[in-house]
Amino acid sequence: MIQHIVLYPILVQLFFAIVLLFFWNSVKAQKSISIFGNIVALIVSVWLFITIWQEGTLTIQTGNWEAPFGITFVADTFAATLVLLTAISGFAVSIFSVGTILRARLKFGFLPILHFLLLGLNGAFLTGDIFNLYVWFEIIIISSFVLITIGGEKKQLEGAIKYFTLNILASMIFLTAIAVLYGLAGTLNMADLAIKVAEIENRGLVEITAILFFIGFGIKAGLFPLYFWLPASYHTPPPAVMAIFGGLLTKVGVYALIRVFTVIFVGEDFLELIILSVAGLTLVSGGIGALVHNNIVKVFSYLIICHIGYMILGLGLYTEAAIAGAIFYLIHDIVVKTNLFMMSGLIYRIKGTFSMRDLGGLYNNNPLLSLIMIIPLMSLVGIPPLSGFWPKLALITESFNANNYWLIGAVLFATFITLFVIARLWTEVFWKEGPKLKRIANFRYFSLLSKHQKRQMIVPIVFLAFISLYIGFGAEHIQRLSIRIAQELLDNQAYINAVLKP
Amino acid sequence: MLIAVLSGFIFALVLVFTGKYFKKKYALWSALLPLGLFVYFLQFVGRIGNGEIISTQYNWIPSLNVNLGFTLDGVSLIFSLMITGIGFLVYAYTAAYLKGHVFLDRFYGYLSIFMAAMLGLVLSDNVLSLFIFWELTSISSFFLIGFNNNKQSSRQSAMVALAITGLGGLLLLTGALILANVSGTYSIAEMLSSRDIIANSPHYIIIVLLIFGAAFTKSAQFPFHFWLPGAMKAPTPVSTYLHSATMVKAGIYLLLRFTPVLGDTPLWQTSLIIVGAVTMLYAAIHTLFRTDLKGILAYSTIAALGILVFLIGLGTPDALLAACVFILVHSLYKGCLFLVTGIIDHETGTRNTAVLSGLRKVMLPVAIAGILAAISNAGIPPSFGFLGKDLIYESTLHFGSWAMVLTAIAVITNILLLYAGFVAGVKPFTGSLPQQFEKVHTPSYLLYVPPLILAVGGILIGLFPIIIEGALIKPAVTALGANSSEVHLKLWHGFNTILALSGTTIAIGLLLYFLLKPSEKLEKLAQRFEFISPQNIIESVAYAFGYFSIYWSKIVQNGYLRHYITTIIVFLIVLVGYTLINHTSFEIDYDSFERLTVYEILTVLLLMVGTIYTVFSRSRLGAVASMGVVGLAISLIFVYYSAPDLAMTQFSIDTLTVILFVLILYKLPKYLNISNNVVRIKDGVLSLTFGLLITVLALEVLSQPQNTEISSFYAENAYKLAKGKNVVNVILVDFRGIDTFMEISVLTIAAIGVFSLIKLRLAKRFRNK
């Protein structure tokens, strides 16, 4: 009965989300339950990961309807890794939320919704059914929408409307794609689709379906020219929400793209061209966006877009090494982006602003915190041997092997812009003395917080910083993991067998 | 050797935790680290001198081909000894120079990281680990240049330096990866054996250009040189150590290292000779127009680096020998001059050569150091510098048909460099002492002993070149792939052309020194041409790009939701439309469709009218009502296709939606018409195209053969296995029950969201907090 473990990450989050609803009126109890729940989720995810690492892909058929008739959940190494990363980020963010989210927001169900969001993420990673994936996306959209709007500030609502509209548009395109696909292949199970789509003779229609999926997921992943919702909304909610969004939301889109384009749609040349061009443009356009903004959160938002380009590039190149590079980047990115936004939250708490022009003096006044914060910043840039550096090796080499110097150029451009932007951020926010800011009345400055509250902000940042360090210095482990994932993805027969012939 | 390289990193890490205690008392003790390393590398001198090459191998990330493979040969040894030796002097010097500085611990931390990275760079055999250490030197340089982080100019210079060297680093990374790909190995030593493959590969040019890009940015070659004068914002020990003696020579090291692999081709030689020559002349001329001591030294360093690039470009055994010797010569005298400048700055508070003079009266030991260094710099016998200059002329004179031109360039550069050296090392100490400096006193021995050691070293090696000949120079030349058996370093070669050239250089140089005094007038003159300087041009391009970025972002992310939607839809239409037209044949099989009935036609008409009215209606109520009609028409279609329960669901949902809509309608603000006709027509065309596209797609899909395996399984087994008579219901609650379950959760979450949206309005005092 070992395959039941596949469902545990989903069940744990669902369970705690529901339990939290029962403690609607007791914020205090909610705080402890939420952290406890995420510790359990972390343990379960580690357990799942180790099991999958040792036993290989596990599947479970819900309702005991054998595949492809029911809904299958599949935990291969890719899914298990992402579930683990979700648990890590989720754990860090839940501590950070408990420490930073306003009581008023917590009273209106912030924490249960956070767990629903994590539930949706886990579900999306584990499902083996394309329509079920849509349902998990619904969960993710609706809970992220609630997380953006909770509090009802004007800028929150403005961001939320754009976020919701464009994401619903993405879902509609996704749904249309599913309908077309179902019309063509008559099945929804991804493994079954892999077989049946390969048999379809009218490749043009398959290509169009693939494009629809690409656009639907591309909007969610934040690709050029589809990413508008991201810069429009990410800076509006509280930093804890930004952290979970920045770390995981776009990554679900990336996950879905990688999954669909390795299992179902394989080897369409035209698609490869589209994917590679979009990847290159995303790298460039995201980088340009990051260059012009003064608000650190907006800078980070654009860097999310920019760096999504690396992962899609790896997917587009479609070799084992390139996909391993994409996976490595994905692993690195989830941890580091979550951390960046928590860091922005910390900086905001210290100085009361996100504006680079107004910030300053952190290095002289908070040297130790600055040293902690420089870890995610440098990992992001990919200062070797930190985590962001390693995947670029494969991406550059494989672009070269594909004889595509433009792509190398895009990668270098994005890397350079990231370096420049972060160096500027460091000089502006940490080095510069900064103007004297007017003290905001009633603002809970970091220095005014109790030791306990300070710890709730710093511990998750340190935790993720250490994970980033591990990804960098233990790159051998991560690389081996990435290669194994890439091999599993490229050999879709193994996936098919695991699902259909358990 | 691994520990030797990593010790600097470990020391920096220890400093993070012990900084408080360290900076109070123990700063000087840190000099033991470079000293220990110096001694450690010294013990290899014998073995390397005997032609041995010492390699160690540590696996780090084998699956990415990254190994810490360290190789110590002649070239690495020269660099390692320079790094640790000058490092030792700089560490000791700093203890006095920055005594009592609040961030002394940070400074030593950065310095140690730099030293470790630099050692790693020159010892790495693996191209990737070489790149890693290369980047780390750029980063530590960034932190050191910006050490006085409250100053805008320091931050600015740090950014410029990082941008230029960081860009070079990326080029190096790409070059290294391509090189590894072409040669099939990541080890530089192994690349030697695939030299021909590399030289004949179609990628040879791009590899060489990338490596050049890296070397020229790091070693401040024209037109990327301008970050180096800016880097002088760093405290003087940093300028001495990074920006004169070691880090800026990393590019030179890279070129030397790759000479046996990539060198000896017209591309390699010509480019290096041209870039080197332009750089050395350009920078040497610039020294005439500076009054800041560090500015003069910075430009003369750039010129020296130009000479090195130039020599590597010549590529003859003579030239490579000259390069190896000149690296040492330059490090000794330039290091000394920088340290002397630091003392002058520290004690008098100015670095303006126009003002400084007569300081020998108040700081004799410093004056001795400065003058000795200037002598070596000038190449006046019996200094080491004389030897170095001899070798340079030797190699230019024997360079075929271009010998005269190249020699002339070298002579002019050397004349100007002599001038620069005298202005920096002699001028401040000679002449009369201005009143303002009378109270200046000789500084702590920690400050003046290090430059003295370097200066005396420069003279000693000049007198007894045998000290380094066999131990350092010969193995280095061998490592560069040249024959070293001819190498004999000596001062006296007899009367020949070279001696004449040396004599001319010294004579004209001294004449220039006595005739031309540095003045602010000259400096201002030079500034007039600033607008055509590479710095200005590159920075203007960067600014232009910045403006373009702002413009671009404003266009892309313009804040209008409808533009966003339009863009996405257009993108979709283009991609799908293109594929539909080019990659599929229109093969809609109309015969396979069932005949339409009258009811169906009527319903579709109803649907269309409803839709059109919704779009064109000028009142909200009308639009909502006709949307309801559309919904009802759809539920009728469900009825025709024998799905009464779906029809029922659709019907109730639709009715409910209309009712809810009407309820809130009165709460909404007045209906505004904000779009003009052009926009409407554009949107209309877009919608029609989109609709058409989806329709064609749907028709095409319908005319494909259907696969009914799943649906027939449901139909057959709904009752048999799932015990339900309504197949749709069974699918919803059993076969695909998880979907339904999760959709219910969606509703729950939405309910909570709506609740909080209605109930929770953060009070103003909480906003943004």
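We name chains A, B, ... by the order of the sequence lines, and we start the count at 1 in each one.
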| Do A/Thr187 and B/Asn707 come close enough that some side-chain heavy atom pair is under 4.5 Å? | no
| query | Relative to chain B, which segment of A/Leu166 carries a heavy atom at a distance below 4.5 Å: side chain, backbone, both, or neither? | reply | side chain
| Quick one: what part of A/Ile383 sits under 4.5 Å from any heavy atom of chain B, side chain, backbone, both or neither? | side chain
| task | Check the pair B/Leu697 / A/Leu212 against side chain to side chain contact (heavy atoms under 4.5 Å, CB included), numbers first and verdict last. | result | CA-CA 11 Å; B/Leu697 188 60; A/Leu212 289 176; 3.8 Å; yes
| task | Could you tell me which portion of A/Pro367 (side chain, backbone, both or neither) has an atom closer than 4.5 angstrom to a non-hydrogen atom of chain B? | result | both
| query | Quick one: what part of A/Tyr363 sits under 4.5 Å from any heavy atom of chain B, side chain, backbone, both or neither? | reply | both
| Given a strict heavy-atom distance threshold of 4.5 Å, which part of A/Phe389 is in contact with chain B: side chain, backbone, both, or neither? | side chain
| task | Write down the atom of B/Arg155, the atom of A/Glu433, and the distance for their closest heavy-atom approach. | result | NH1-N, 4.3 Å
| message | In this structure, is the centre-to-centre distance between the rings of B/Phe142 and A/Trp431 below 6.0 Å? | response | yes
| request: Would you mind telling me which of A/Gly63, A/Gly70, A/Ala423, A/Gly120 has the largest number of heavy-atom pairs within less than 4.5 Å of chain B? | output: A/Ala423
| field | Contact class of B/Leu136 relative to chain A, heavy atoms under 4.5 angstrom | value | side chain
| query | Side chain, backbone, both or neither: which part of B/Pro705 has a heavy atom under 4.5 Å from chain A? | reply | backbone
| Between A/Asn364 and B/Asn150, is any pair of side-chain heavy atoms under 4.5 Å apart? | yes
| note | d(A/Ile288 CD1, B/Ile550 CD1) to nearest 0.5 Å is 11.5 Å
| Is there a donor-acceptor pair under 3.5 Å between the side chain of B/Gln557 and the backbone N or O of A/Phe228? | yes
| query | Tell me, side chain or backbone of B/Ala158 under 4.5 Å from chain A's heavy atoms, or both, or neither? | reply | side chain
| field | Residue A/Ala185 versus chain B: region with a heavy atom under 4.5 Å | value | backbone
| task | Would you mind checking which part of A/Lys196 comes under 4.5 Å of any heavy atom in chain B, side chain (CB onward), backbone (N, CA, C, O), both or neither? | result | side chain
| said: Is there a side chain to side chain contact (heavy atoms under 4.5 Å, CB included) between A/Thr427 and B/Asn149? Walk through the geometry before answering. | reply: CA-CA 8 Å; A/Thr427 56; B/Asn149 57 30; over 6 Å; no
| note | Honestly, the part of B/Val754 sitting under 4.5 Å from a heavy atom of chain A is neither
| field | Which atom of A/Pro384 lies closest to which atom of B/Ile132, heavy atoms considered | value | CB-CG1, 3.6 Å
| Side chains of A/Phe420 and B/Leu162: closer than 4.5 Å at any heavy-atom pair? | no
| How far apart are the C-alpha atoms of B/Ser63 and A/Glu476, what are their side-chain angles, what is the distance that settles it, and do they pass the side chain to side chain donor-acceptor pair (under 3.5 Å) test? | CA-CA 6 Å; B/Ser63 51; A/Glu476 176 65 19; 3.0 Å; yes
| said: Assess the residue pair B/Trp552 and A/Tyr302 against the criterion (ring-ring contact (aromatic ring centres under 6.0 Å, His included)); give the C-alpha distance rounded to whole Å, side-chain angles, the decisive distance to 0.1 Å, and a yes or no. | reply: CA-CA 13 Å; B/Trp552 171 262; A/Tyr302 274 101; over 10 Å; no
| query | What part of B/Asn181 lies closer than 4.5 angstrom to a heavy atom of chain A: side chain, backbone, both or neither? | reply | side chain
| said: Quick check on B/Tyr551 against chain A: is it the side chain, the backbone, both or neither that has a heavy atom closer than 4.5 Å? | reply: neither
| At a heavy-atom separation under 4.5 Å, does A/Leu291 approach chain B through its side chain, its backbone, both, or neither? | side chain
| task | Step by step, work out the side chain to side chain contact (heavy atoms under 4.5 Å, CB included) result for B/Ile752 and A/Trp24. | result | CA-CA 11 Å; B/Ile752 297 170; A/Trp24 188 264; 3.7 Å; yes
| What is the minimum heavy-atom distance between A/Trp65 and B/Asp734, and which atoms define it? | NE1-OD1, 2.7 Å
| note | Whatever's closer than 4.5 Å to a heavy atom in chain A on B/Met742 counts as both
| query | With a 4.5 angstrom heavy-atom cut-off, which part of A/Ser399 approaches chain B: side chain, backbone, both or neither? | reply | neither
| Under 4.5 Å from any heavy atom of chain A - which part of B/Trp134 | neither
| query | Which bit of B/Ile758 comes within less than 4.5 Å of chain A, counting heavy atoms only: side chain, backbone, both or neither? | reply | neither
| query | Do the non-hydrogen side-chain atoms of A/Leu169 and B/Ile569 ever get within less than 4.5 Å of each other? | reply | yes
| field | Pairwise side-chain contact, B/Arg736 with A/Asp129, heavy-atom cut-off 4.5 Å (strictly under) | value | yes
| field | Nearest heavy atoms of B/Ile749 and A/Ser143, plus distance in Å | value | CG2-CA, 3.7 Å
| message | Can you confirm whether B/Val66 sits close enough to A/Trp390 that some side-chain heavy atom of one is under 4.5 Å from a side-chain heavy atom of the other? | response | yes
| message | To the closest 0.5 Å, what do you measure between CD (B/Gln704) and CG (A/Asn202)? | response | 4.5 Å
| message | What part of A/Phe400 gets within 4.5 angstrom of chain B, counting heavy atoms only: side chain, backbone, both, or neither? | response | side chain
| 4.5 Å side-chain heavy-atom contact, B/Phe133 and A/Pro385 | no
| message | At a 4.5 Å cut-off on heavy atoms, which part of A/Phe110 comes close to chain B: side chain, backbone, both, or neither? | response | neither
| message | Looking at chain A, which one of B/Ala750, B/Gly146, B/Ser745 has the largest number of heavy-atom pairs inside 4.5 Å, strictly under? | response | B/Gly146
| task | Counting only heavy atoms closer than 4.5 Å, note whether B/Ile139 contacts chain A via side chain, backbone, both or neither. | result | side chain
| said: Given heavy-atom pairs under 4.5 angstrom as the criterion, report whether the side chain, backbone, both or neither of B/Leu757 touches chain A. | reply: side chain
| chain A interface, residue from B/Asn582, B/Ile568, B/Leu171 that has the most non-hydrogen pairs under 4.5 Å | B/Ile568
| Contacting region of A/Val206 [heavy-atom separation from chain B under 4.5 Å] | neither
| request: Compare every heavy atom of B/Leu177 with every heavy atom of A/Leu393, then report the nearest pair and how far apart it is. | output: O-CD1, 3.7 Å
| request: Pick one of side chain, backbone, both or neither for A/Phe354, based on which atoms fall under 4.5 Å of a heavy atom in chain B. | output: neither
| task | Let me know if B/Leu721 has heavy atoms under 4.5 Å from chain A in its side chain, its backbone, both or neither. | result | both
| Is a side-chain N or O of B/Tyr714 found less than 3.5 angstrom from the main chain of A/Phe69, in a donor-acceptor match? | yes
| note | Highest number of heavy-atom pairs under 4.5 Å with chain A among B/Val576, B/Leu575, B/Leu64 belongs to B/Leu64
| query | In Å and rounded to the nearest 0.5 Å, what is the OG1 to CG distance from B/Thr567 to A/Leu226? | reply | 9.0 Å
| So do B/Phe548 and A/Val292 actually touch side chain to side chain, heavy atoms under 4.5 Å? | no
| If you take all heavy atoms of B/Ile61 and A/Ala475, which pair is closest and at what distance? | CD1-CB, 3.4 Å
| For the residue pair A/Phe413 and B/Phe545, is the inter-centroid distance of their aromatic rings smaller than 6.0 Å? | yes
| said: If I measure from the heavy atoms of chain B, does A/Leu371 come under 4.5 Å with its side chain, its backbone, both, or neither? | reply: side chain
